[in-house]
Participant: 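What follows is a structure written as structure tokens; I'll ask about it next.
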Amino acid sequence: MPIFATAFQLLLPLSEASLKVGFYKKTCPRAESIVKSTVRSFVRKNSGLGAGLIRMFFHDCFVRGCDASVLLDPSPANPDPEKNSIPNNPSLRGYEVIDAAKAALEKECPGVVSCADIIALAARDASFLLGKISYKIPTGRRDGKVSINAEALQFLPAPFFNLSQLEASYAIKGISLADQPSD
């Protein structure tokens, strides 16, 4: 699990330069606790959803940056989104957790908390619930509006990649084997 936390922290800068811990402190003070409570509720019933949320965060961040583009459904303007790509469909899990957290947040503070931040917070909370791995997560991401099926195939490392291939796919994202998250 520590490798996943490190990878997430390294991918965070790819999504937004103005991120900060406590971004919603004034606009939606209970945002993080609402996500945490929602994740806890689902993961207690099905621990596999915790791993699914961590994987969802990775899949979202590795393609276009952490922008929630993995959540976008097909539409007339975007008929073939990442959600339907081979690496994501039907194996990506946790959509119902994100939907429940978003619904709770919309009741508390409508239109404030991005889905991209919900995914990031949910992955952090799942990491803690499953492995007691704790890390601060800066928030302030904005949701993307573009999601392209082919990009998931192009950018996500394949499950059969060897170490050299994995290293190359991370290098494309500016991450090397020597990288360590900064505190």
Side-chain angles (χ1 to χ4, degrees), residues 1-17 19 39 42-43 46-102 114-127 130-131 133 135 137-179 181:
M1 279 299 258
I3 293 170
F4 293 119
T6 299
F8 291 144
Q9 288 182 321
L10 292 170
L11 286 170
L12 291 175
L14 300 175
S15 63
E16 187 86 25
L19 301 179
V39 170
F42 277 87
V43 171
N46 179 353
S47 61
L49 285 173
L53 291 167
I54 294 166
R55 183 171 176 243
M56 180 185 287
F57 185 44
F58 177 79
H59 280 227
D60 183 45
C61 294
F62 220 79
V63 176
R64 292 191 148 260
C66 307
D67 66 349
S69 58
V70 74
L71 299 178
L72 295 175
D73 289 319
S75 69
N78 191 29
D80 205 15
E82 292 169 46
K83 191 178 209 178
N84 291 346
S85 70
I86 290 169
N88 297 332
N89 186 18
S91 64
L92 203 58
R93 300 183 307 158
Y95 292 110
E96 67 274 29
V97 181
I98 304 304
D99 289 344
K102 182 65 172 176
S114 71
C115 290
D117 279 338
I118 295 170
I119 295 172
L121 293 167
R124 178 208 55 195
D125 296 336
S127 295
L130 296 176
I133 297 167
Y135 56 95
I137 196 102
T139 47
R141 289 165 195 76
R142 298 293 171 228
D143 292 335
K145 295 179 181 176
V146 175
S147 181
I148 302 169
N149 182 317
E151 289 181 350
L153 284 171
Q154 179 183 356
F155 294 114
L156 285 169
F160 52 79
F161 272 11
N162 63 34
L163 183 57
S164 296
Q165 292 168 309
L166 284 171
E167 185 177 4
S169 68
Y170 275 80
I172 291 168
K173 297 295 180 181
I175 303 168
S176 76
L177 292 177
D179 284 324

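Along the sequence shown, residues carry numbers from 1. Values below: all heavy atoms of this structure, side chains included; hydrogens, waters and symmetry mates excluded.
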Participant: Are more than 12 heavy atoms, taken from residues, nucleotides or ligands other than Leu166, located less than 6.0 Å from that residue's CG atom?
Facilitator: yes
Participant: Taking salt bridge (Lys or Arg N to Asp or Glu O under 4.0 Å) as the cut-off, I'd like each qualifying pair that reaches into residues 88-97, sequence neighbours left out, listed once.
Facilitator: none
Participant: Could you check if a side-chain atom of Glu151 sits within less than 4.5 angstrom of a side-chain atom of Ser69, using non-hydrogen atoms only?
Facilitator: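 In short, these two side chains do not touch, never coming nearer than 4.5 Å.
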Participant: List the residues meeting side chain to side chain contact (heavy atoms under 4.5 Å, CB included) with Ala158, not counting sequence neighbours, and say none if there are none.
Facilitator: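 Expected list: Phe160, Phe161.
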Participant: To the nearest 0.5 Å, how far apart are CG in Asn84 and CD1 in Ile148?
Facilitator: 13.5 Å
Participant: With sequence neighbours left out, what residues match Asp117 under salt bridge (charged side-chain N to carboxylate O under 4.0 Å, His left out)?
Facilitator: Arg141
Participant: List the residues meeting side chain to side chain contact (heavy atoms under 4.5 Å, CB included) with Ser75, not counting sequence neighbours, and say none if there are none.
Facilitator: Ala77, Asn78
Participant: May I have the step-by-step check of side-chain contact (heavy atoms from CB on, under 4.5 Å) for Val70 and Ile119, ending in yes or no?
Facilitator: CA-CA 10 Å; Val70 74; Ile119 295 172; 4.3 Å; yes
Participant: Could you check whether any side-chain N or O of Ser114 sits under 3.5 Å from a backbone N or O of Arg142, counting only pairs where one atom can act as donor and the other as acceptor?
Facilitator: no
Participant: Any chance you could measure Asp125, atom CG, to Ile118, atom CD1, to the nearest 0.5 Å?
Facilitator: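 With rounding to 0.5 Å, CG (Asp125) is 11.5 Å from CD1 (Ile118).
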Participant: Nearest 0.5 Å please: distance from the SG atom of Cys115 over to the CG atom of Asp143.
Facilitator: 4.5 Å
Participant: Within this structure, what is the CD1-CD distance for the pair Ile172 and Gln154, rounded to the nearest 0.5 Å?
Facilitator: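 Atom-to-atom, Ile172:CD1 and Gln154:CD are 8.0 Å apart.
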Participant: Using side chain to side chain contact (heavy atoms under 4.5 Å, CB included) as the criterion, list what pairs up with Leu156, not counting sequence neighbours.
Facilitator: Phe58, His59, Phe62, Val63, Pro87, Asn88, Ala152
Participant: Looking at every heavy atom in both Ser47 and Leu130, which two are closest together, and how far apart are they?
Facilitator: O-CD2, 3.8 Å
Participant: How close do Ala116 and Ala68 get, counting heavy atoms only, and between which atoms?
Facilitator: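 Looking at all heavy atoms of both residues, the shortest contact is N-CB, 3.5 Å.
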Participant: Locate the shortest heavy-atom distance separating Gly144 from Leu72; write the atom from each residue and the value.
Facilitator: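 Heavy atoms only, the tightest pair is O-CD1, 3.9 Å.
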Participant: Just wondering, do Pro79 and Pro74 contact through their side chains at under 4.5 Å, heavy atoms?
Facilitator: no
Participant: With rounding to the nearest 0.5 angstrom, report the CG to CD1 distance, Asp60 to Ile98.
Facilitator: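 Here the rounded value is 9.5 Å.
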Participant: Side chains of Ser127 and Ile54: does their closest heavy-atom pair fall under 4.5 Å?
Facilitator: yes
Participant: Looking only at heavy atoms, what is the nearest atom pair of Leu71 and Met56, with distance?
Facilitator: CD2-SD, 4.0 Å
Participant: Does a side-chain heavy-atom distance below 4.5 Å link Phe155 with Arg64?
Facilitator: no
Participant: Test: salt bridge (Lys or Arg N to Asp or Glu O under 4.0 Å). Region: residues 69-84. Which pairs qualify, not counting sequence neighbours?
Facilitator: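 Checked against salt bridge (Lys or Arg N to Asp or Glu O under 4.0 Å) - neighbours excluded - the pairs reaching residues 69-84 are Asp73-Lys83.
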